[in-house]
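Count residues from 1 along the sequence.
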Amino acid sequence: VIGVDVSVNYLINRLNSDAQGRGNPMSYALGMLQEDGSIRIACTSGTIFKQYFNTEDEVLVPQKTLHNNNMILQGTRNGKQMFASVMPLELYSPNTAFEDERWVLVGMQTAESLLAFSEQFKNMVAMAVVVAIAFSLVIAAFASGNLIKPIKRLVKQVEEAEPGNE
């Protein structure tokens, strides 16, 4: 068996350099997927992980598993939800002593930063609907005024033409 020795410090440095410059707070964890769906942590990076989880936490337990290897995690430190995407890593070939180990890379991001674009879009759509309704009311007021003027004129002429209004 030929192996490659990679230190945890090297992995943490690589994970940190990949997360910088994206503008969204995120963290990564490298770990082994357990039979119960939890992830035994080997190493982590990023400040978001430190804000949401305690340093002595050794296992990530999904609060809810979503489709396509996505899950919701609940922070043990602050109780807030965090979204995670799990990417399986195929490290060992078949017929090796470690072939049953399922290593995964977990990318984690806060709900606020992940859903920020959809919240902004929802607010823009709501504003556009309010503006459209206001514009429609103004147009309807002018249009109804133009429709009512001839009727008012006709009523006035009928009142003037009645006998006894001379």
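Across every non-hydrogen atom of Pro62 and Ser38, the tightest pair is CD-CA, 4.1 Å. For the pair Ala111 and Phe83, the tightest heavy-atom approach, listed with the atom from each and the gap, is CB-CE1, 3.5 Å. The minimum heavy-atom distance linking Phe53 with Gly75 is given by the pair CE2-CA, 3.9 Å.
Once rounded to the nearest 0.5 Å, the distance linking CG of Leu89 with CG of Leu30 reads 6.5 Å. The distance from atom CD1 of Ile48 to atom CE of Met82, rounded to the nearest 0.5 Å, is 6.0 Å. Atom OG of Ser27 is separated from atom CD of Gln51 by 8.0 Å, given to the nearest 0.5 angstrom. Residue Asp100 holds its CG atom at 10.0 Å from CE of Met32, rounded to the nearest 0.5 Å. With rounding to the nearest 0.5 Å, the separation of CG in Asp57 from NZ in Lys50 is 14.0 Å. Atom OH in Tyr52 sits 5.0 Å away from atom OG1 in Thr110 (nearest 0.5 Å).
For Lys122, the side-chain contact (heavy atoms from CB on, under 4.5 Å) criterion is met by Glu119, not counting sequence neighbours. Under the side-chain contact (heavy atoms from CB on, under 4.5 Å) criterion, Ile148 pairs with Lys152, not counting sequence neighbours. Thr65 is linked by a side-chain hydrogen bond (donor to acceptor under 3.5 Å, both in side chains) to nothing, counting only residues two or more places apart in sequence or in another chain. Contacts of Gln63 classified as side-chain contact (heavy atoms from CB on, under 4.5 Å), with partners at least two apart in sequence or in another chain: Ile72, Gln74, Gln81. Checked against side-chain hydrogen bond (donor to acceptor under 3.5 Å, both in side chains), Glu112 has no partners two or more places apart in sequence or in another chain. Looking at residues two or more places apart in sequence or on another chain, you find no side-chain hydrogen bond (donor to acceptor under 3.5 Å, both in side chains) involving Asn146. Ser85 meets the side-chain hydrogen bond (donor to acceptor under 3.5 Å, both in side chains) test with Asn70; sequence neighbours excluded. Annotation: side-chain contact (heavy atoms from CB on, under 4.5 Å) contacts of Leu33 (sequence neighbours excluded): Ile39, Arg102, Val104.
Side-chain contacts under 4.5 Å among hydrophobic residues (ILVMFWY), followed directly or transitively, place Phe142 together with Val138. Taking Ile, Leu, Val, Met, Phe, Trp and Tyr as hydrophobic and joining them when side-chain heavy atoms fall under 4.5 Å apart, one finds Val59 in a cluster with Val61.
Between Ile151 and Leu147, the closest side-chain pair of non-hydrogen atoms is not below 4.5 Å. For the pair Phe49/Val106, no side-chain contact is recorded, criterion being any heavy-atom separation below 4.5 Å from C-beta on. The closest side-chain heavy-atom distance from Met71 to Leu66 is not below 4.5 Å.
Tyr28 and Ile41 fall into different hydrophobic clusters, where Ile, Leu, Val, Met, Phe, Trp and Tyr residues are linked whenever their side-chain heavy atoms come under 4.5 Å apart, directly or through other members. Hydrophobic clustering, with ILVMFWY side chains joined whenever heavy atoms are under 4.5 angstrom apart, keeps Leu73 apart from Leu105.
Applying the salt bridge (Lys or Arg N to Asp or Glu O under 4.0 Å) test to every pair with at least one member in residues 128-143, sequence neighbours left out, gives no pairs at all. Applying the salt bridge (Lys or Arg N to Asp or Glu O under 4.0 Å) definition to pairs two or more places apart or across chains, those involving residues 33-44 are Arg40-Glu58.
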